[in-house]
Structures are given as C-alpha cells and as structure tokens.
Amino acid sequence: MWDFAKLFLLAAIAILAAVIANFARDPAHLVHMIIIMVVAAGLFLWQIRRVGEPATVHNEAEYMDDVIRAGVIATAFWGVVGFLVGVWIAFQLAYPQLNFDWAQGYLNFGRLRPLHTSAVIFAFGGNALIATAFYVVQRTSAARLWGGNLAWFVFWGYQLFIVLAALGYVLGSTQSQEYAEPEWLADLWLTIVWVAFLAVFMGTIIKRREPHIYVANWFYLAFIVTVAMLHVVNNIQVPVSIFGSKSVPVWSGVQSAMIQWWYGHNAVGFFLTAGFLGMMYYFIPKQAERPVYSYKLSIIHFWALIFLYIWAGPHHLHYTALPNWAQTLGMTFSIMLWMPSWGGMINGLMTLSGAWDKLRTDPVIRMMVVAVGFYGMATFEGPVMSIRAVNSLSHYTDWTIGHVHSGALGWNGMITFGALYYLVPRLWKREGLYSLTLVSWHFWLATIGIVLYAASMWVTGIMEGLMWRQVDAQGFLVNSFADTVAAKHPMYVVRALGGTLFLIGGIIMCYNLWKTVTSVGEKQPERATVAAE
C-alpha cells in the first residue's frame, strides 16, 4: 500500500510541476519546476520497478555509513566549487573588466556573490555538518541511524535544495536577505528536509544504547533545532503566485531588519559555530587520542553559548532606526559571548595536554588546532566589532569581510578539512591517508591563504573607514567613494591571491582523499559494528 502511495505522490508532483512550468512567469521558476518534474518522474520510474519487492531489512548491528560516505564526497565537491566561485569574484573586484559583457545578468559579481556565500556556507558547510552529525551520533550512541532510508532522503533532498538555490541566484531569483537569499519554493523544500534531518538525529539519540549523551550531540542538536526556528521565522512570506518565484515577506521596515539579523547572526552562531563545535568536541579528542580536557567546561560552554548567542543579532544594526535599547542589548550580549567562546577554545586546545608532540608529526591535528585558534580569534574580534564606537568605523567596510572569512575559512574550513582527513580512511576502511606530505602542503597553503586574505581585508577595511570619515577644515568629506575604491586595489589583489592558495589547498585535499580511497590497501581488522565500537 505504501508503495502505491509513493507512486501516486510522485506522479502528482511531476504533473503539477509540468503544469506550473508551462505557466511559469519567470525563468528561475521555469527551471525550478523542470528540475522538480524530472526528479519526481525519475523517482516514479525507479519506484515502479521496485513495486512488490520485499522491503529491505537493515542490520541494526551495523552503522549506516554509506550515506556518510556520500556526504563526505558532496562536502569535498561543493567546497571546491564554492572556493572557485569565491576566487573568481575576488578577481572581479580587483579587475572589474572580468565582469564580461556577455555574462551580464547571469555570471556578473552581483549574481555570483550570493552563489559563493551559499555554496561555502550551506553546500560545503551544510554537507559537512550533516555527514559528521550522522557519523558522530551513531558512534556516541552505539546505534544505527533511525528511520531506515530517511537519512538518504535528507542527503539527496539537501542536494536538491542546493541546486534550486544556486540556479535561482544565477537566474535572478532572490529575496535579497543575507544568508537567506532563496525564494519561497526552495525555503519550503529546505524546511521539509530539515525536519527529516531532526527526526533522524533525534530518533537515533532516543534509541541509543549508551546511557550518556555525549556533548558533541548537544551542540549538533542545538544547531539543528535553532536553525529550523530561525529559518521558519525569517522566511515567513506569501508567494505572489504559485506560477512565479517572487514572494512578499510578512515582516517590513525595522522589524524586517531586526528579524533578518536575528536570523543572520544566529545562522553564524548556530550553523557556523554550534554545529562545528560538535565536530571539535568529537574529532579533536579522537585524532589526538586524548579525552576532552574538561567535560564540565564543555557543558558550561554549551549552555552559556546557546543562551547568549540568540540575543546578539542587533549589533548589526547600530546607528539605524532600531531602538537604542535593542542595539545596546545586542552589543552587551555580544561582549558577554567572549567568555564562553574562549572557554570552548581553551577546552579544545587543552585536550592536547600530554600530546603536544603530535603537532610536529600529525598535520591533521595541526589543522584542527589552527582551526580552534581561528575560532578564538574570530570570537574575540566579533565582540570588539560589536562595540558601537568600533562599529562606527568597521561597519560597511572590508574589515567585516576579513572578520567573516577568518572565521569561515580558518575555523569552519580547517576543522572540516581535519574531519574529512579523519573520516575517509575509516569510512572506506583504509590503512591510512594516501599522503601526509600532501596534508602538510594543504595545511600551509590554506593557512598562508587565510592570513593573506584576512590581513589584506583588515588593512583595507580600516583604511576605508578612516577615509570615509576624513573631513577638511570646512567639514566637507575629503575622499569620494571612488577614491576609496582606487586605494583598495592592491589589497584586493592580495585577497584574490590568498583565496587562490586556499583553493589550491582544497584541490590537493580532494586528490589526496581520492587516492586514499583508490590506492591505499584495505584495513584488515574486524568489521565495524555497533557491538565492536
């Protein structure tokens, strides 16, 4: 009966998508509906061939690692894509002639910038979080993923969201909100996928065989639940028509700004911080072969972080129409965030107590430690930039870009690279990585690239802010906007070169992981089972 219900649902979706595509009012909606129609029709044909077959019986004594392997591949692939687009638009800013006339309206900077942001944060980072969450929750719960093939729905559904969002940006479908650019159709689909993600994760914890819930799972759970809340509230909107991609947001004016930056800052706080802290608390102890330095500190870190972070968004709206008390509230909580953030950084670094020698011999642990260092630096710089007097200089300048990228590339990128280097030999049951020398090359290229990128943006951002506020004896501005753009050119070239080094490091990582899977001998010990692990 369930097989026929799925066939009816898939057929209905394919037919409805075909009808809407026929009456689509804009190119983005047309392309989206064609993709949905093709996917639904393909799944219909795949399902109809399986009608009547006995249901697959899953071995509850084995971990569900095939979906994690797919997630690792997707993470590496989308990472290189996101880095490549970022390098290209960095060169476009340094050399505007790279905004070719033939590409206007599709591949110019304005269309590619949100594509880069979403590819790195949601495609690269999101796949890394989903894959590692599935891996960690199984190992720390001694239980197979709940829901049978629901984890596969989460994986492929998330890839569909990425494709819909990316094509929407290129074709001009965006609601123009930072970190929340996709329009109503992609937002609605992501909500369905995210609820399934929560169900798989929570179901696995509920059926766990370990009485204790390891702290990494608390961070992952906070990330999943809070991102769901943020996504739904920030994206409440009414479609103009079912035949078009455009929608009208419910929030307007300063309320819209407040909701957007409540979402925007907490997308950083929970997607790019809490989720990746779950990675830190699992993979650093495993790679270092040492217990977490202080489990009590990790719990304090968790509760302090999730309570304080949710209030920090208003610091993005200093000197706006937002009431002054709300601005001050956001600034105050942002400064308070420094303490739990550094508590987590210290906990991660001190986990290496008794194993500091591994920094000389293990480039993977070196990468993870540098990631924690960048986490500490970014979580110090952020509270400083939230102070109203500092914000008056830094806001709307490239200093903010440097801050974001030191955190995203240094913290999120490096901890993800370390997790991938840890996972691949174990998921594919290999003796070890193909080449630790290539890992070292990746480490140094990425680190130097981040330093060049962030330092150039700090220099140009502070210079930019000072030039904007320079006045003559009569109180008139000395520099025009064009003057600041011209002065920034050398730093923009340095930024593009730094991004290029980071991209090359990512490509080296993909080659190393591919060779690990295809060239390294298979590990011989007993099969990884729930009972054994």
Side-chain angles (χ1 to χ4, degrees), residues 214-216 218-220 222-223 226 265-285 287-288 290-313 315-316 329-356 359 365-391 394 399-400 402-416 418-419 447 450-451 454-455 458:
Y214 184 60
V215 67
W218 285 107
F219 279 98
Y220 279 121
F223 138 70
T226 310
H265 192 79
N266 287 295
V268 174
F270 287 86
F271 199 98
L272 296 178
T273 302
F276 286 89
L277 285 170
M279 275 193 221
M280 181 193 82
Y281 275 116
Y282 182 84
F283 290 105
I284 287 184
Q287 186 69 23
R290 302 289 297 173
V292 172
Y293 173 68
S294 171
Y295 202 81
K296 183 181 291 186
L297 180 58
S298 71
I299 300 300
I300 295 172
H301 178 206
F302 171 78
W303 287 110
L305 193 83
I306 66 167
F307 175 74
L308 295 177
Y309 233 122
I310 206 76
W311 301 91
H315 77 232
H316 288 265
L329 180 75
M331 177 181 70
T332 303
F333 275 88
S334 299
I335 295 170
M336 292 165 65
L337 267 171
W338 182 15
M339 293 177 284
S341 298
W342 272 37
M345 175 195 69
I346 292 168
N347 210 7
L349 292 177
M350 292 303 292
T351 297
L352 269 75
S353 296
W356 289 106
L359 288 175
I365 198 71
R366 194 185 308 151
M367 193 168 275
M368 292 179 176
V369 168
V370 166
V372 177
F374 272 105
Y375 169 64
M377 182 176 67
T379 52
F380 169 75
E381 184 183 24
V384 169
M385 294 174 71
S386 75
I387 298 171
R388 189 176 283 109
V390 179
N391 196 267
S394 70
W399 185 354
T400 304
H403 165 64
V404 168
H405 281 78
S406 67
L409 301 182
W411 159 234
N412 303 122
M414 290 295 227
I415 197 69
T416 299
T447 303
I450 296 166
V451 170
W458 289 329

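Below, all heavy atoms of this structure are taken into account, side chains as well, without hydrogens, waters or symmetry copies. As the structure is a computational prediction, the values presented were derived from the model and not from experiment.
Residue Met339 holds its CE atom at 7.0 Å from CG of Leu308, rounded to the nearest 0.5 Å. Rounded to the nearest 0.5 Å, atoms CG (Leu277) and OH (Tyr220) are 10.0 Å apart. How far CZ of Phe270 is from CZ of Phe219: 10.0 Å, rounded to the nearest 0.5 Å. Of the inter-residue distances, the one linking Met280 atom CE with His301 atom NE2 reads 6.0 Å to the nearest 0.5 angstrom. Between the CG atom of Leu305 and the CD1 atom of Ile300 there is a distance of 13.0 Å, given to the nearest 0.5 Å.
Qualifying side chain to side chain contact (heavy atoms under 4.5 Å, CB included) partners for Pro285, counting only residues two or more places apart in sequence or in other chains: Tyr214, Val292, Thr351. Considering only residues two or more places apart in sequence or on other chains, Phe283 meets the ring-ring contact (aromatic ring centres under 6.0 Å, His included) condition with Tyr422. The side chain to side chain contact (heavy atoms under 4.5 Å, CB included) check on Leu359 picks up Leu352, Trp356, Ile365, Arg366, Val369, with sequence neighbours excluded. For the side chain to side chain contact (heavy atoms under 4.5 Å, CB included) test, residues two or more places apart in sequence or in another chain that qualify with Trp303 are Ile299, Ile306.
Side-chain atoms of Thr226 do not come within 3.5 Å of backbone N or O of Phe223 as any donor-acceptor pair. Checking side-chain atoms of Tyr295 against main-chain N and O of Val215 turns up a donor-acceptor pair under 3.5 Å.
Of all heavy-atom pairs between Val390 and Met385, the closest is CG1-CA, 4.0 Å. Considering all non-hydrogen atoms of both residues, Ile284 and Gly348 come closest at CG2-O, 4.0 Å. Considering every non-hydrogen atom in both Gly407 and Ala378, the closest pair reads CA-CB, 4.0 Å. Closest of all the heavy-atom pairs between Trp399 and Ser394 is CE3-CB, 3.3 Å. Scanning all heavy atoms of the two residues, the minimum distance from Met345 to Gly376 falls at SD-CA, 3.3 Å.
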- Task: Verify side chain to side chain contact (heavy atoms under 4.5 Å, CB included) between Tyr281 and Asn347, making sure each step is shown before the conclusion.
- Result: CA-CA 9 Å; Tyr281 275 116; Asn347 210 7; 3.3 Å; yes
Open item on the list: Between Thr273 and Tyr375, is the side chain to side chain contact (heavy atoms under 4.5 Å, CB included) condition met? List the steps.
Closed with: CA-CA 9 Å; Thr273 302; Tyr375 169 64; 3.8 Å; yes
Could you pull out every donor-acceptor pair under 3.5 Å between side chains of residues 329-337 and any protein atom, sequence neighbours left out?
{"residue": "Thr332", "atom": "OG1", "partner": "Thr328", "partner atom": "O", "Å": "2.8"}
{"residue": "Ser334", "atom": "OG", "partner": "His315", "partner atom": "ND1", "Å": "2.6"}
{"residue": "Ser334", "atom": "OG", "partner": "Gly330", "partner atom": "O", "Å": "2.6"}

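Within the structure, every pair that satisfies the side chain to side chain donor-acceptor pair (under 3.5 Å) test and touches residues 403-413, not counting sequence neighbours, is listed here: Glu381-His403, His405-Tyr453.
Proximity of Leu349 to Tyr293: side-chain heavy atoms (C-beta onward) are nowhere separated by under 4.5 Å.
With a 6.0 Å radius and a threshold of 12 heavy atoms from other residues, nucleotides or ligands, Trp311 has its CH2 atom at or below the threshold.
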